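Structure first, then comments.
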Amino acid sequence: MAKRETKRLSSPQELEALRKSIIEKRDHNKPCITICGGTGCLALAAQDVITGFRREIQEQGLETKVDIRITGCPGFCERGPLVVIKPENILYQQVKGEDVPEIVSATVKGNIVDRLLYTDPNTGKKITYEHEVPFYRKQKRLLLGDNSNIDPTEIRDYLALGGYAALSKVLFEMSPEQIIEEVKKSGLRGRGGGGFPTGVKWETCRQAQGDTRYIICNCDEGDPGAFMDRSLMEGNPHSVLEGMIIGAYAIGGHEGYIYVRNEYPLAVKNAQIAIEQTEEHGLLGKNILGSGFDFTVRISRGGGAFVCGESTALMASLEGKVGEPRAKYVHTVEKGLWEQPTNLNNVETWANVPLIIKNGADWYSKVGTEGSKGTKIFSLVGKINNTGLVEVPMGISLREIIYDIGGGIPGGKKFKAVQTGGPSGGCIPESLLDLPVDFDQLTKVGSMMGSGGMIVMDENSCMVDIAKYFIGFLEGESCGKCVPCREGLKRMGQILTDITEGRGKEGDIELLERLSAAITDSSLCALGSTASNPVLTTIRYFRDEYEAHIRDKRCPAGVCKELITYLIDEEKCPGCGLCVKACPVEAITFMGKKKPVVLDQEKCIKCGICYDVCKLDAVIKK
Amino acid sequence: MVTLTIDGREVQAEEGTTILEAARESNIYIPTLCYHEEVTPYGACRLCLVEVARNGREKLVASCLYEVAEGLRVKTNSERIASNRKMIMELLLARCPNNKAIQDLARQLGVEKTSFKLEDKQCILCALCVRVCQEVVGVSAISLVNRGVDRQMATPFYEPSDVCIGCGACAYVCPTGAIGFEDVGDTRYIHWPNNKMEFKLRKCKTCGNYWAPEKQLDYIIKKANLSPDAFDNCPDCRD
Ligand SMILES: Cc1cc2nc3c(=O)[nH]c(=O)nc-3n(C[C@H](O)[C@H](O)[C@H](O)COP(=O)(O)O)c2cc1C
Ligand code: SF4
Ligand code: SF4
Ligand code: FES
Ligand code: FES
């Protein structure tokens, strides 16, 4: 894109005039091919598609007829690389480089490439438009919805959609107290895990004594499998920045940091570009929009430890110290970064702010439940047909998310549990699928909102094994400072390993419960105090599975290798010998034609290959 | 001065002091392992947990870090506190089953045996040695390396430290005696849980006894700007 001369905007009128000129220069009927350039699609070779489109348009001399826009992630990564043709919103999925010429010529003629449309697995019908795809239909995409209309490296796209109008409004029409009041009234609660009321946090920070106040955006996102913050930062960095500038003005801060994990290079890049462009436009830096308010933002790249997302550890890390939590008896809003009042919010929390200011707290608080307002983005993964990012109104049921949006469980398997809240969230069973999803309900059933991870498990998941997996993760991520978390999680891991390997003893469940209670109650930071959730919830809802492992040395889901026995069903086995050849340790012996084979339990390593190769279900797994 | 109640007793304390300090002033016992009055509190062993009433809820806090406040009501012993302390001791006892200090404290807190598999360590990673070395001695020769369960007390990269002066303050402050410390002839040996170092001792010009590490004496001379011969004699032979 050619470098334009940008003029620093020095009044709200100049901002509106620029916005008007951007919109007027655009031809709204001109087709625009939008290609997802998010990390998910790039991993699926979206770059070939992007280069393909650029080349094709140029070779055919279509620059005046068709626009191209590289956007952030709209959420349906499962089907990537995604291409959406605007203004109609025709959705092409799993697009490859070689599909490009066909899409271009169809687009120019106003036709549709049928074979690239999404097929609804339930009805078998092709679906043309993005908003008709079931995955999107039940979502409410207040935050992610704009992603496909925005090239994140192009501030003009954000401006065209009304960007920075909220900032202009607060700077010239609202006092800091009014902004805080509005945010409080909206009911916005922090999306980083704790669900703390954002307006209250801002107010406390504003009132705290200090030489200066710091504003921080938490984009550490250490939950494995979660990528909502990444997608917002990559796809719509200006919405986050605008939220931060509004917050800084309300709180009275002049310096800000975006703390991004190092593994998010595209988020870092797009945030950097966004900062530069806002500075060029006079929307960041000195005397913002001529209001006299100064605010700068710097990016800091985090080392990537999970615990560095915790507020005090994050601030220690920003100061260049070891990223270890400290006790928070003096809150960071009073003494945070370099001992000064510091306001830390999550990426998604910040992105909600411009919406609230633009549309008003009353509008915002219409979405959601009594105690949880607005939408929440979840990353839906695991044993689910449509994995991806979903943004839903608070209060939607788990069932709707999993079945209507997620498309249910693949392979006709039965649903078993869903784990919400990241590694230290809890596992919620089928009987609670109608639970409305909000902060308080999830806590009530022993799980939590966390930052929005959602992992679906089917009947083939062993809940003891799942608990072991999460405890193993947390054990590895514990900073190791305090005794209950460091020593306690290690012991928990050992006990769970023993149970899954057939060494479980009577009393282990009770010991786990006692240990959980102490780790929860006495750990120094929230990593430790939430870490027992996976164990406590699996005991609470799947106690029989623990008992089967401990008493009967049996894994009901057939996952724990040490507890599985493979047997030959003598009725069914005709002695074909397929398994005899397949067994890697020669544990199965051929006994002659029409005679069942014999499996030697002593030699069997429980690899399960015989079970997989037998076409007659004559190998039994127990 | 503020007035607070600890276990029903009214107690006066200086503003800015911690509950633990206030309790000790009043001879109220709270067990600790990672606390020492000479260094910044750390909050890692969690044995000093007490209950404070806040917003109508009883909250567990580390008394070595929590500051006193007017009207604060503190309990240093309750069913809840005791069961947490016991579990912490069970965990420490499993880590250091052969350590006398840990055995004694466990017994004192009502823990005779642990439910967990035994290891054989001496160090509980309280970081007292690290803090003393940094804050009191001022050299930062040792640190806690690695994260989580792999955490260990050691010199950087487990190499002999070139800033360590061999003063032995770490050994002195260690609550479990995990740091070995011995003068044999003209050499001092310091044996940390994961590595060790030797130091040449200086010979007293008068009595001929080896009395302190060369490095330590040089460090003090440099820091206090003393004359190079300030430590030619041992304290006993100095006039
Ligand atoms: C172990 C641990 C990890 C955390 N990781 C994150 C994270 O990756 N991103 C985040 O926004 N908050 C994280 N948090 C929560 C933060 O401490 C903090 O509460 C949050 O950033 C505040 O923002 P909010 O009020 O907007 O939610 C973590 C907390 C803990 C205890
Ligand atoms: S709870 Fe875990 S992560 Fe938090 S301070 Fe303690 S050891 Fe570190
Ligand atoms: S060596 Fe002693 S003082 Fe140092 S961390 Fe270990 S137990 Fe604490
Ligand atoms: S990255 Fe393209 S849809 Fe998510
Ligand atoms: S003495 Fe307070 S936590 Fe160790």
Side-chain angles (χ1 to χ4, degrees), chain A residues 303-308 312-313 321-330 335 471-495 497-498 503 505 507-508 510-525 527-529 531, chain B residues 16 18-19 33-34 40-49 51-52 54 58-69 80-96 102 114-117 119 121 124-127 130 143-153:
Chain A
F306 176 65
V307 77
C308 282
T312 58
K321 300 188 189 134
V322 184
E324 262 173 30
R326 62 156 176 82
K328 279 198 284 193
Y329 304 138
V330 179
K335 267 191 187 168
I471 294 302
F473 174 84
L474 293 164
E475 183 186 329
E477 293 298 325
S478 154
C479 78
K481 179 173 180 176
C482 74
V483 174
C485 175
R486 181 190 69 231
E487 301 293 322
L489 291 180
K490 174 171 75 189
R491 300 314 183 165
M492 221 173 221
Q494 288 175 350
I495 299 169
T497 302
D498 280 354
R503 295 184 301 272
K505 307 184 292 292
D508 276 356
E510 292 70 21
L511 180 58
L512 283 173
E513 287 174 326
R514 212 154 55 80
L515 187 53
S516 298
I519 298 176
T520 307
D521 219 14
S522 64
S523 288
L524 187 153
C525 87
L527 189 150
S529 65
Chain B
T18 60
I19 294 177
L33 273 172
C34 71
T40 319
Y42 187 59
C45 75
R46 317 305 289 166
L47 275 178
C48 71
L49 291 174
E51 268 182 280
V52 296
R54 229 172 65 163
E58 301 262 299
K59 219 178 111 148
L60 272 194
V61 300
S63 62
C64 66
L65 287 164
Y66 201 95
E67 290 185 8
V68 296
R80 181 179 174 199
I81 295 170
S83 77
N84 277 297
R85 284 192 189 141
K86 278 187 180 165
M87 182 50 84
I88 292 167
M89 281 323 298
E90 271 201 56
L91 290 167
L92 288 176
L93 195 56
R95 181 182 171 94
C96 313
I102 296 298
T114 174
S115 316
F116 309 105
K117 290 181 188 162
E119 294 174 11
K121 298 204 167 82
I124 57 165
L125 301 171
C126 70
V130 176
S143 59
L144 297 183
V145 297
N146 305 335
R147 194 172 64 211
V149 288
D150 298 326
R151 185 175 264 233
Q152 286 187 333
M153 183 265 135

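Please read all numbers here as calculations on a predicted model, not as lab measurements.
Contact count versus chain A (heavy atoms, under 4.5 Å) is highest, among L144(B), L33(B), D150(B), L125(B), for L125(B). Ranked by heavy-atom pairs under 4.5 Å with chain A, the first of R46(B), M87(B), R80(B) is R46(B). When each of E475(A), R326(A), E487(A), Q494(A) is checked for heavy-atom pairs under 4.5 Å with chain B, E487(A) comes out on top.
Considering every non-hydrogen atom in both Y329(A) and V61(B), the closest pair reads OH-CA, 3.3 Å. Summarising the geometry of N84(B) relative to A518(A), their closest heavy-atom pair is OD1-CA, 3.2 Å, with the distance given to 0.1 Å. When all heavy atoms of C45(B) and V483(A) are compared, the pair lying nearest together is CA-CG2, 3.8 Å. Heavy atoms only, all atoms of each residue included: G43(B) and L524(A) are closest at O-CD1, 3.0 Å.
Within the 4.5 angstrom heavy-atom criterion, atoms from both the backbone and the side chain of R147(B) approach chain A. Heavy-atom distances place the backbone of I124(B), and not its side chain, under 4.5 Å from chain A. Residue L49(B) touches chain A through its side chain alone, counting heavy-atom pairs closer than 4.5 Å. Using a 4.5 Å cut-off between heavy atoms, A94(B) contacts chain A through both its backbone and its side chain. Heavy-atom distances place both the backbone and the side chain of A305(A) under 4.5 Å from chain B. Using a 4.5 Å cut-off between heavy atoms, I495(A) touches chain B through its side chain atoms alone. For D508(A), no part lies near chain B; criterion is any non-hydrogen pair under 4.5 Å.
With salt bridges taken as basic N to acidic carboxylate O contacts below 4.0 Å, one links K490(A) and E119(B). A salt bridge links R514(A) with E90(B); the closest basic N to acidic carboxylate O contact falls under 4.0 Å.
Within the 4.5 Å cutoff, the side chain of V149(B) has no heavy atoms near those of the L489(A) side chain.
We find the CZ-OG distance between R85(B) and S522(A) to be 11.0 Å, quoted to the nearest 0.5 Å. The distance from the CZ atom of R486(A) to the CZ atom of R151(B) is 7.0 Å, given to the nearest 0.5 Å. Atom OG of residue S115(B) and atom CD of residue E510(A) lie 11.5 Å apart, to the nearest 0.5 angstrom.
Proximity of a side-chain donor or acceptor of R491(A) to a complementary backbone N or O of K117(B) within less than 3.5 Å is detected. Counting only distance, with no hydrogens or angles, the side chain of Y42(B) and the backbone of K481(A) share no donor-acceptor pair below 3.5 Å.
Scored by the side chain to side chain donor-acceptor pair (under 3.5 Å) test, K59(B) finds no partners at all (sequence neighbours excluded).
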- Query: Should L91(B) and L515(A) be marked as a side-chain contact (heavy atoms from CB on, under 4.5 Å) after you check the CA-CA gap, both sets of side-chain angles, and the distance that decides it?
  - Reply: CA-CA 9 Å; L91(B) 290 167; L515(A) 187 53; 4.1 Å; yes
